[in-house]
Amino acid sequence: MASRNEQIRAGLARRLARTVTAVAPTPARDPQASVAFLALDGCLLGWHAGVYPDDLAWWNRALGAIADYAGVPHPRPRWSTPSEQWDQVVVRDDRPLVDAALTLVQHGGVEALTLTRVAQVADRDPRWMHSMFGSIDELLGEVLEEVIGDGFDDLAPLHLHPSRAGVVSMLEVLSDDRRSAALLRLMILTGVEADRSAAEAIRRLSPVVLPGWHLLDHQEWTAALAIDAWALGQVPWGPHATGMMDSTVLDELQAMIR
């Protein structure tokens, strides 16, 4: 009879085979960093989709497991779960235009954004809005600049690329309420969505959400989060930009769960 870890890895191998449907011939420069970055993307997309446990120990274990796999320092421990900040920090804002844009995108997607609608939600005169901004793209660009400035600057840059620096940067972001909220807002305002059917499947099948997640080793944690990320990545974002997984990244994932 197969051990629990063998069963978990066999299940991950089946999910990987179903999830990755296109492979890029160009190999990644650093497959291990790419897998770790993909796993961190899974944390972010899973938070956005509400599929991961609202548990402080879970978040610290997830980030620590990815750091161990990538061979980089652990980030500082989180002191609260992301959802504890959700209503106050992520989808609401004291700035009327930022708040209006977040509200409209949350309820109708990016396509719901127009200058007139933003003016209505922000309680501003539509004529003033049109005189201040020539188009909704111009307004959205200004809103995005404000959101990025909330969490990132020259001293704390954002690295959205699958490299060692990107892994360290994302670990620091996801361990910090202010910066992780800013990144999630950036995702929301640029139309990044998590696939709903994939989210439901993750709730049923991913070992990181099932009882016994604390028993997984760092490779199983990282592989599960990376596979979840690929399943959830409905629109181009970070490692999903081409829609194809690099062949060496796929090889690395397969080796992790063999």
Side-chain angles (χ1 to χ4, degrees), residues 19-22 34-52 59 62-63 66 82-83 85-87 89-93 97-114 117-118 136-137 139-152 157-163 166-167 169-174 176-203 206 225-246 249:
T19 302
V20 179
T21 58
S34 295
V35 169
F37 191 86
L38 186 59
L40 289 163
D41 197 53
C43 290
L44 193 63
L45 286 166
W47 173 23
H48 187 17
V51 299
Y52 293 143
W59 278 93
L63 299 181
I66 296 169
S83 66
Q85 302 292 328
W86 178 273
D87 291 333
V89 176
V90 178
V91 295
R92 299 309 306 265
D93 196 279
L97 298 185
V98 176
D99 189 65
L102 284 166
T103 299
L104 286 166
V105 173
Q106 280 286 100
H107 290 91
V110 176
E111 59 272 14
L113 287 176
T114 67
R117 287 174 180 164
V118 172
I136 189 60
D137 289 339
L139 169 62
L140 184 58
E142 185 164 315
V143 168
L144 288 173
E145 282 188 17
E146 292 192 41
V147 168
I148 293 171
D150 290 340
F152 309 100
L158 174 62
H159 297 280
L160 280 178
H161 50 84
S163 64
V167 170
S169 175
M170 283 290 284
L171 283 168
E172 292 173 351
V173 167
L174 288 173
D176 181 273
D177 285 336
R178 178 179 60 87
R179 301 184 74 203
S180 56
L183 183 54
L184 187 56
R185 285 175 164 200
L186 179 62
M187 290 176 62
I188 291 170
L189 289 168
T190 53
V192 174
E193 298 176 3
D195 185 278
R196 292 183 180 181
S197 62
E200 288 301 319
I202 287 169
R203 292 187 183 98
S206 180
L225 289 167
I227 294 168
D228 290 351
W230 202 263
L232 288 168
Q234 184 180 6
V235 298
W237 169 263
H240 310 282
T242 66
M244 296 190 294
M245 182 176 284
D246 288 320
V249 173

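Because only heavy atoms are used, hydrogens play no part in the values below, and waters and symmetry mates are left out as well, while side chains stay in. These figures come from a predicted structure and were not determined experimentally.
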Between the CG atom in L183 and the CH2 atom in W47, the distance rounded to the nearest 0.5 Å is 8.0 Å
Gap between atom CG of D228 and atom OG1 of T19 - 0.5 Å precision: 8.5 Å
State, to 0.1 Å, how close V118 and A100 come at their nearest heavy-atom pair, and which atoms those are. O-CB, 3.8 Å
Among all residues two or more places apart in sequence or in another chain, which pass the salt bridge (charged side-chain N to carboxylate O under 4.0 Å, His left out) test with E142? none
Closest approach of T190 to L186 (non-hydrogen atoms, all atoms of both residues): OG1-O, 2.7 Å
If you compare all heavy atoms of I188 against all heavy atoms of V110, which two are closest, and at what distance to 0.1 Å? O-CG2, 4.3 Å
Reported CG-to-CG distance for the pair L171 and L40, which is rounded to 0.5 angstrom: 5.0 Å
Shortest non-hydrogen contact between A229 and L45, atoms and distance: O-CD1, 3.8 Å
Atom CG of L174 and atom CZ of R179: how far apart are they, to the nearest 0.5 Å? 10.0 Å
Partner residues of D246 under the salt bridge (charged side-chain N to carboxylate O under 4.0 Å, His left out) criterion, sequence neighbours left out: none
Tell me, with the steps shown, if I136 and R117 meet side-chain contact (heavy atoms from CB on, under 4.5 Å). CA-CA 10 Å; I136 189 60; R117 287 174 180 164; over 6 Å; no
Distance in Å, E172 CD paired with L63 CG, rounded so as to fall on 0.5 Å steps: 11.5 Å
Yes or no on side-chain contact (heavy atoms from CB on, under 4.5 Å) for W230 and D41, after CA distance, side-chain angles and deciding distance? CA-CA 9 Å; W230 202 263; D41 197 53; over 6 Å; no
Taking D99's backbone N and O only, do any of them form a donor-acceptor pair with D93's side chain (distance below 3.5 Å, no angle check)? no
For the student: nearest non-hydrogen atoms of A231 and A198, plus distance: O-CB, 3.3 Å
Measure the shortest side-chain to side-chain distance between L225 and C43 over non-hydrogen atoms and say whether it is less than 4.5 angstrom. yes
Do L97 and E146 have side-chain heavy atoms sitting under 4.5 Å apart? no
Donor-acceptor pair, side chain of H48 and main chain of M187, under 3.5 angstrom: no
If every non-hydrogen atom of A39 is compared with every non-hydrogen atom of I66, which pair is closest and at what distance? CB-CD1, 3.8 Å
Do L189 and L102 come within less than 4.5 Å of each other through their side chains, counting heavy atoms only? yes
